[in-house]
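So the structure is just underneath, and the comments pick up after that.
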Amino acid sequence: MKLTNEDVREILQLLDATKFGELHVETERFKLTLRRRAEAGAWAQEFQVLSRPNVVRNAGTRDEHLASPAATKPADSTAAGQIEVRAHLPGTFYRAPQPGAPPFVELGSRVVNDTVVAIIETMKLMNAVPAGADGEITDICCENAQPVERGAVLMRIKQRPE
Amino acid sequence: MSFRRVLIANRGEIAFRIMRTCEKLGIETVLAASEADLDSMAARTADHVICIGAAAPSASYLNVDGVIAAAVTMKADAIHPGYGFLSENPNFCAACEREGIAFIGPTVAQLDTSGDKLKARAAAVASGLPVISGGEVRTVEEARQLAQETGWPALVKSVGGGGGRGIRLVHDPRELEHALALAMAEAQAGFGDARVYLESFIARGRHVEVQILGDGHGVIHLGTRDCSIQRRYQKVVEEAPAPGISENLRGALQRAAVAFAGSLHYRGAGTVEMLVDCEREAFFFLEMNARLQVEHPVTEEICGLDLVEEQINIAEGRALRWKQSDIVFSGHAIECRINAEDWTREFQPSPGMVSYAALPAGDGVRVDSHIQAGTAVPRFYDSLLGKIIARGTDRADALRRMRNALKVCEIGGVNTNLQIHSALLEADEYERGAVDTGFLQRFLEGYAIHAA
């Protein structure tokens with residue numbers, strides 16, 4: 001590629017001396033658009049490296065592939081008084097606070113609204129999943145340590161009558 | 001010796017950043033990338049790319065044997081670990097030594113001391129640096145007792161942690177059990193070490209750190225950075241030099257950092273993080289980061305050095321190229337971290353695909369980023385999309401340039417925190433400078449009310 005920040009800065013110094021407001025450069029290796037934004041008196045760059053990666057084949061590559069997001073159990077029509085606990089973001093579903101530790105909840109566990117029932121790990125953050133209702137866990141729909149999509153049903157809770 | 005070929009064991013903006021310096025120095029680059037990053041900007045720019053495993057960090061970027069095997073296969077004479085991942089892992093550093101590959105960073109013993117936050121605390125005390133009262137806790141009961149002595153609220157931190165991960169604020173004994181479990185889980189998942197310690201929480205402190213460089217014999221400092229703008233212990237905006245502290249205090253911080261690193265005979269680039277109580281002109285040791293940091297560009301902008309170049313020079317076995325008196329500071333620099341997150345939903349991570357990226361450019365503006373239209377933002381890694389750095393003759397000038405830079409920055413396809421940065425940099429309290437670590441949370445609470 002060999003187009004540095006300093007190069008862009010130099011191009012902009014040249015452009016600043018002209019009345020042009022936009023510049024497009026495209027080579028085999030990269031594409032650069034520079035656009036003057038009147039409102040801020042500042043420049044914006046759209047830069048794309050076009051060269052293909054030079055990947056070394058068959059060296060150190062492993063054949064481990066990640067499981068695709070877990071197929072959650074078919075969404076049985078949720079019975080009356082049943083509350084679904086859904087993933088509020090995509091990530092990896094964990095039933096216990098750490099490997100080897102007992103799960104937060106089991107089938108039949110009694111929970112209240114803010115009981116932590118699971119963890120979803122996304123982008124290095126552990127996000128606690130609250131039950132969201134008072135009642136009893138009647139269904140655990142995902143396997144531990146499986147990827148889940150946003151909105152996936154994780155558990156079902158039979159709500160305690162008011 | 002001079003390195004001929006360096007393997008970069010990292011991803012994202014920092015892989016791309018390290019590569020820039022290697023190119024400048026005429027060093028060939030090999031990128032060790034996971035399956036998710038084979039088409040990244042860094043991969044497209046590296047001289048060679050080698051796949052080290054599946055997307056999950058444990059299968060690739062955290063896999064010591066895999067990364068070492070890649071370096072051996074590619075006959076790299078050195079590895080740059082960037083930040084995070086294996087950068088502060090003593091086992092990885094030792095494995096490099098065994099294979100005769102230079103590790104661009106400190107020694108095994110230094111990583112061992114800085115990486116174990118309890119050992120680092122002890123070393124700080126030994127070198128005359130004050131620490132916040134606290135200590136290791138193994139059970140809820142121990143934690144309860146210690147917090148009773150040091151006072152509520154308390155912070156639970158991971159012994160093997162750093163970078164703000166695995167820290168939980170606990171207001172009262174009732175929250176302790178839950179907080180301890182989550183902190184231990186994050187510590188185990190993030191650092192493979194579930195040990196935690198507890199420290200008394202100082203509400204109105206500022207996070208000020210000192211950049212240092214050592215060659216195993218001497219240590220110099222490259223001034224202060226203020227990183228008080230944090231959310232959940234993650235830095236969001238940084239600047240150099242730290243504003244609004246007396247020259248007396250600045251000198252004391254810098255001397256303390258040099259004394260601490262000197263006591264370790266530190267080799268490489270590192271940062272001594274401290275919590276400053278401005279009213280009392282007092283400061284406490286937080287931790288030492290034995291690596292390049294995300295916010296290193298603000299230091300580079302005020303002292304004119306390329307920290308990656310200095311790291312490489314030291315790792316090649318040469319002495320520091322500069323004496324303390326050679327280091328001259330000029331101007332002021334501010335950095336905004338642009339993250340893929342949804343600020344309207346509690347800053348939830350926002351993985352996906354960048355569809356459009358117009359980034360600021362021009363005089364006094366630097367962008368360290370790996371994104372372009374088509375860049376994947378995998379859910380396996382942290383949410384940093386890049387950093388905008390603005391440099392000015394003084395703080396007001398740098399701030400003005402940053403505000404303009406943010407106005408022209410547009411990123412599509414994923415949610416970002418750009419709007420928060422723009423609003424934050426307009427806040428009077430930020431403009432005055434010298435805010436404490438609780439400022440951002442208070443600002444966001446007010447902002448949410450207005451935006452709602």
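Note that this is a predicted model, so its numbers are computed, not measured. A, B, ... follow the sequence lines: proteins, then strands. Residue 1 opens every chain.
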Chain A contact via [X] - side chain, backbone, both or neither, heavy atoms under 4.5 Å:
| X | answer |
| --- | --- |
| B/S60 | neither |
| B/A358 | both |
| B/P378 | backbone |

Using a 6.0 Å cut-off, check whether atom [atom1] of [X] has over 12 heavy atoms from anything other than its own residue.
| X | atom1 | result |
| --- | --- | --- |
| B/E346 | CD | no |
| B/R232 | CZ | no |
| B/Y356 | OH | yes |
| A/R150 | CZ | yes |
| A/E28 | CD | no |

Item checked: Sequence neighbours excluded, every pair satisfying ring pair (Phe, Tyr, Trp, His ring centres under 6.0 Å) that has a member inside residues 39-69 of chain B ->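 Non-adjacent pairs meeting ring pair (Phe, Tyr, Trp, His ring centres under 6.0 Å): B/Y61-B/F85, B/Y61-B/Y381.
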What pairs of donor and acceptor atoms, side-chain ones from residues 8-17 of chain A against any protein atom, are under 3.5 angstrom apart with sequence neighbours left out?
{"unit_1": "A/R9", "atom_1": "NH2", "unit_2": "B/V365", "atom_2": "O", "d": "3.4"}
{"unit_1": "A/D16", "atom_1": "OD1", "unit_2": "A/W43", "atom_2": "NE1", "d": "3.0"}

Notebook entry, point to check: Which residues pass the salt bridge (charged side-chain N to carboxylate O under 4.0 Å, His left out) test with B/D306, sequence neighbours left out?
Noted result: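 Listed in chain order: B/R17, B/K24.
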Looking at every heavy atom in both [X] and [Y], which two are closest together, and how far apart are they?
| X | Y | result |
| --- | --- | --- |
| A/P97 | B/A181 | CB-O, 3.9 Å |
| B/Q372 | A/F47 | CB-O, 3.3 Å |
| B/P360 | A/Q45 | O-NE2, 3.3 Å |
| B/R379 | A/P147 | NH2-CB, 2.9 Å |

Item checked: Region of A/T92 that comes under 4.5 Å of a non-hydrogen atom in chain B -> both
Next item on the list: Output yes when A/R37 and B/E410 qualify as a salt bridge under the 4.0 Å nitrogen-oxygen rule, no when they do not.
Entry: yes
[atom1]-[atom2] distance between [X] and [Y], expressed to the nearest 0.5 angstrom:
| X | Y | atom1 | atom2 | answer |
| --- | --- | --- | --- | --- |
| A/F104 | B/H178 | CZ | NE2 | 6.5 Å |
| A/L89 | B/E341 | CG | CD | 12.5 Å |
| A/N54 | B/T29 | CG | OG1 | 10.0 Å |

Note to self: In the structure I gave you, are the side-chain heavy atoms of B/D39 and A/P53 within less than 4.5 Å of one another anywhere?
What the structure shows: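 Yes, their side chains come closer than 4.5 Å.
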Check: Do any of residues 111-123 of chain A come closer than 4.5 Å to chain B, heavy atom to heavy atom, and if so which ones, in number order?
Finding: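 From residues 111-123 of chain A, the residues near chain B are A/V116, A/I119, A/E121, A/T122, A/M123.
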Next item on the list: Say whether B/R44 and A/Q48, considering side chains only, have a donor N or O and an acceptor N or O under 3.5 Å apart.
Entry: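 There is no such pair (donor and acceptor under 3.5 Å, judged by atom type) between the side chains of B/R44 and A/Q48.
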